[in-house]
Structure formats: structure tokens, C-alpha cells
Amino acid sequence: MSHSVVRRLAACAALSAALVAGGGCAWAAGPACYPPSALTARPGEQNVEPHPRGEPVTLPSMALAPASAVPAGLRGSIRRVDLPQGQKLVALTFDLCEASAERSGYDGAIVDYLRTEDVPATFFGGGKWLMSHPERGAQLIADPGFEMGNHTWSHANLTVRSGEAMQRQVDDADIAYALRRSDAQAQGCGLASVPARPTLFRFPYGSCSAESLAYVNDTGHLAIQWDVDSGDPALLGAKVMADTMLRQIRPGSIVLMHANGRGKHTAEALQRLIPALRAKGYRFVTVSDLLAAGRPVIADTCYSLKPGDTRVYDEAARNGKRILPVR
């Protein structure tokens with residue numbers, strides 16, 4: 001049984017929630033260890049600050065929890081999941097990136113809507129983002145409807161980093177996660193089923209090298225890609241995004257979106273997409289629950305939608321060019 005299923009069942013028992021169709025239960029709108037006033041989105045929180053002031057984000061020295069290497073059958077880049085006939089499951093995922101010279105945002109409208117609609121989701125938190133958004137990071141980790149994966153320390157392209165510089169990007173994000181998990185424990189959240197170290201990982205830009213993919217797997221992380229890209233960093237509009245995702249999603253899909261203020265109209269697109277998918281008979285699950293429900297489709301390299309399509313990002317990183325637009 002996956003971590004998120006255990007957490008949902010525990011939350012249901014604690015809250016005596018009613019069973020709903022399709023199994024499971026309707027969890028509370030956010031972790032019960034935080035008051036609703038602390039969870040609700042705040043105006044301006046989603047804004048990206050290109051040149052934040054103050055001291056650089058630093059980490060305390062701490063040992064990471066031990067991790068077992070990913071077994072052979074799950075090593076590589078997981079793109080989607082083949083499901084048994086008749087199962088219509090989809091995993092919505094949201095990246096929380098933060099590059100070195102910025103403080104990115106927290107798109108609370110997305111999180112509030114997911115909680116209101118009882119939609120499970122998987123977030124991939126950058127270590128720097130988790131340090132600059134300590135309360136929000138702890139809340140997401142504590143939420144029984146959500147799970148948190150590693151998205152490197154500062155959204156570095158791990159195709160062009162190697163050795164210790166590459167390894168630090170992975171390990172430092174795990175340390176930031178551990179700190180936020182400890183914050184949630186101090187708040188009184190029950191986290192017995194929440195792993196001490198993230199078990200999921202997402203490569204920035206969808207790009208990896210053989211060395212970085214091996215290191216991610218060796219340190220106990222499943223490398224999670226996607227087969228549906230929302231395109232939400234572009235100004236496509238909510239309707240175009242929702243309609244495009246609706247056409248592309250199939251049972252077992254993993255959908256890429258952003259909740260760090262760099263997604264444009266993502267919350268509005270979700271308000272169109274989620275009811276439309278439910279009308280088609282889909283149920284929403286975390287990535288961990290999706291993996292547990294079927295057979296992962298795994299590639300031996302990383303890419304966005306087709307092999308080789310991340311080279312533009314790799315070349316830009318080699319030349320020191322800015323990838324994410326600054327607004």
C-alpha cells in the first residue's frame with residue numbers, strides 16, 4: 001500500500017469521514033494540524049521576485065535518512081502508467097521551482113481548489129523553494145491528500161552538472177524536505193506514513209544525464225517525468241490549456257503543471273479540466289498511488305514529450321543563458 005493511501009486512510013479514521021464512491025474517503029480541506037486561516041491563499045503570494053533581497057538561502061548541516069536504491073525494474077525515467085482495463089486514473093503534478101537568483105511564488109488558488117474539490121496531487125518541491133516558503137512547504141508535506149517529491153535544490157539542469165555539484169542538487173533538496181517535515185511534526189501533524197526522505201524526483205526541464213539518472217535512483221528516488229504537459233508557463237489561456245490537456249490525457253497519464261507563480265492561468269484551467277475529467281469517469285490519484293495501480297512505462301533517458309526535445313535547454317545551460325522567463 002502506498003504512502004498516500006495509508007495517509008488518507010489514517011486521516012479518514014481520525015476524522016470519521018464518510019466513504020465516497022470509488023473507495024477511500026473525503027479528507028478535510030487541508031491538514032487538520034493547521035487552522036483553515038493558515039492554509040488559505042494570501043494576496044500576492046504567487047508573485048515571483050526576480051531579485052530578492054537579504055541573505056542567501058543556506059542549509060544547516062544534517063545527515064540524510066538512509067535510502068535504498070531503486071530496484072532494477074523501476075530504474076529509469078517513468079513517463080506514465082499502463083493500467084488494468086477499465087481503470088481511469090490520472091495524476092496531476094505541480095512543480096515548485098526556484099532558481100538561484102529569484103524567490104518564486106506559491107499559487108494558493110491552485111492548492112485551495114484542489115483541497116476544496118478533494119483532488120489528490122503530487123508536488124515536486126525545489127529545496128530552495130522549500131527553504132524560502134517554510135510554512136507552505138510544511139503544510140503541503142503534512143496534507144494527507146498530497147505528496148511531495150524532490151525537484152533539485154535550485155532547478156539546475158542535471159544534464160550539464162556532474163560529480164559533487166550534481167549530487168548536491170539532489171541531496172540539498174532532500175535536506176530541505178526533511179526540515180519542512182520536522183516543522184510539520186512540531187506543529188503536531190501526524191506524519192508516521194510520510195517518508196523521512198522523498199521517494200519521488202523530477203528532473204528540471206525534463207533533462208538528465210546517465211550519471212544524474214543513476215544517482216537519483218541510487219539514492220532511492222523514482223524519476224518521474226510526464227506524458228502530458230500543460231504548457232502553463234506560456235500565455236495560452238485557461239480554455240486552451242484545459243481543452244488541450246483534456247484531449248491528451250488518457251488512463252495512467254501524469255500531467256505537468258506549476259504552482260510556483262510561473263504557471264499562467266493554471267488555477268482557472270483546473271476549474272475547467274477537473275469537472276470535465278470527472279464527467280469522463282476519471283479519478284485523481286497521487287503519483288505513488290498511480291504507480292501502485294499498474295505498470296510504469298519507463299524510458300532509459302529523459303525528455304519532455306519526445307526524445308531529444310530538451311537539447312535546447314541543455315545548450316542554454318552550457319552557455320549560461322536564462323531559461324525561465326523573468327517577469
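Here, residue 1 is the first one in the sequence, and each next residue gets the next number. Not measured: the values here are computed from a predicted model.
When hydrophobic clusters are built by joining Ile, Leu, Val, Met, Phe, Trp and Tyr residues whose side-chain heavy atoms come closer than 4.5 Å, directly or via intermediates, V70 is not grouped with V216. A continuous path of Ile, Leu, Val, Met, Phe, Trp and Tyr side chains, each step under 4.5 Å between heavy atoms, connects M257 with L140, placing both in one hydrophobic cluster. Residues F201 and L130 fall into different hydrophobic clusters, defined by Ile, Leu, Val, Met, Phe, Trp and Tyr side chains chained together at heavy-atom separations under 4.5 Å. Residues V297 and L290 do not share a hydrophobic cluster, clusters being chains of Ile/Leu/Val/Met/Phe/Trp/Tyr side chains in contact below 4.5 Å. Under the 4.5 Å side-chain heavy-atom criterion for Ile, Leu, Val, Met, Phe, Trp and Tyr, V119 and F94 are members of the same hydrophobic cluster.
Salt-bridge annotation for D243 and K239: present, with a side-chain N of the basic residue lying under 4.0 Å from a carboxylate O of the acidic one. Contact check on R262 versus E98 returns no salt bridge, with no Lys/Arg side-chain nitrogen under 4.0 Å from an Asp/Glu carboxylate oxygen. Under 4.0 Å is where a charged nitrogen must lie from a carboxylate oxygen, and between D300 and R75 no such pair does. With respect to K264 and D107, no salt bridge is recorded, no charged nitrogen being found less than 4.0 Å from a carboxylate O.
At least one test fails for R250 against the ring of Y282: distance under 6.0 Å to the centre or angle within 45° of the axis.
Annotation: side chain to side chain contact (heavy atoms under 4.5 Å, CB included) contacts of L236 (sequence neighbours excluded): A234, V240, M241. Listed by chain and number, the residues in a ring-ring contact (aromatic ring centres under 6.0 Å, His included) with Y177 amount to none (sequence neighbours excluded). Scored by the side chain to side chain contact (heavy atoms under 4.5 Å, CB included) test, P134 finds R180, D183 as partners (sequence neighbours excluded). Annotation: side chain to side chain contact (heavy atoms under 4.5 Å, CB included) contacts of A196 (sequence neighbours excluded): A65. Among residues two or more places apart in sequence or in another chain, the side chain to side chain contact (heavy atoms under 4.5 Å, CB included) test is passed with A38 by P35, E135, Q139.
Here the two rings, on F146 and F123, have centers that are under 6.0 Å apart.
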Going by atom type alone, with no hydrogens or angles, which donor-acceptor pairs under 3.5 Å involve a side-chain atom of residues 165-173 and a protein atom two or more places apart or on another chain?
unit_1	atom_1	unit_2	atom_2	d
R168	NE	D172	OD1	2.8
R168	NE	D172	OD2	3.3
R168	NH2	D172	OD1	2.7
Q169	OE1	W153	N	3.1
Q169	OE1	S154	N	3.0
Q169	NE2	S154	OG	3.0
D171	OD1	Y215	OH	2.9
D171	OD2	Y215	OH	2.8

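No side-chain donor-acceptor contact under 3.5 Å links S253 and Q248. Checking S207 against T159 by side-chain atom types alone, a donor-acceptor pair falls below 3.5 Å. Remark: the D174 side chain and the H221 side chain contain an N/O donor-acceptor pair separated by less than 3.5 Å. For the residue pair T93 / R202, a side-chain donor-acceptor distance below 3.5 Å is found, with atom types taken as modelled. Using modelled atom types and a 3.5 Å distance limit, the side chains of D314 and N157 yield a donor-acceptor pair.
No more than 12 heavy atoms of other residues, nucleotides or ligands shown are found within 6.0 angstrom of NZ on K280. Summarising the local packing, CZ of R318 is surrounded by more than 12 heavy atoms from other residues, nucleotides or ligands at distances under 6.0 Å.
Rounded to the nearest 0.5 angstrom, F124 CZ and T152 OG1 are separated by 12.0 Å. Between the CD1 atom of I249 and the CG atom of D227 there is a distance of 8.5 Å, given to the nearest 0.5 Å.
Scanning all heavy atoms of the two residues, the minimum distance from A121 to L114 falls at CB-CD1, 3.9 Å.
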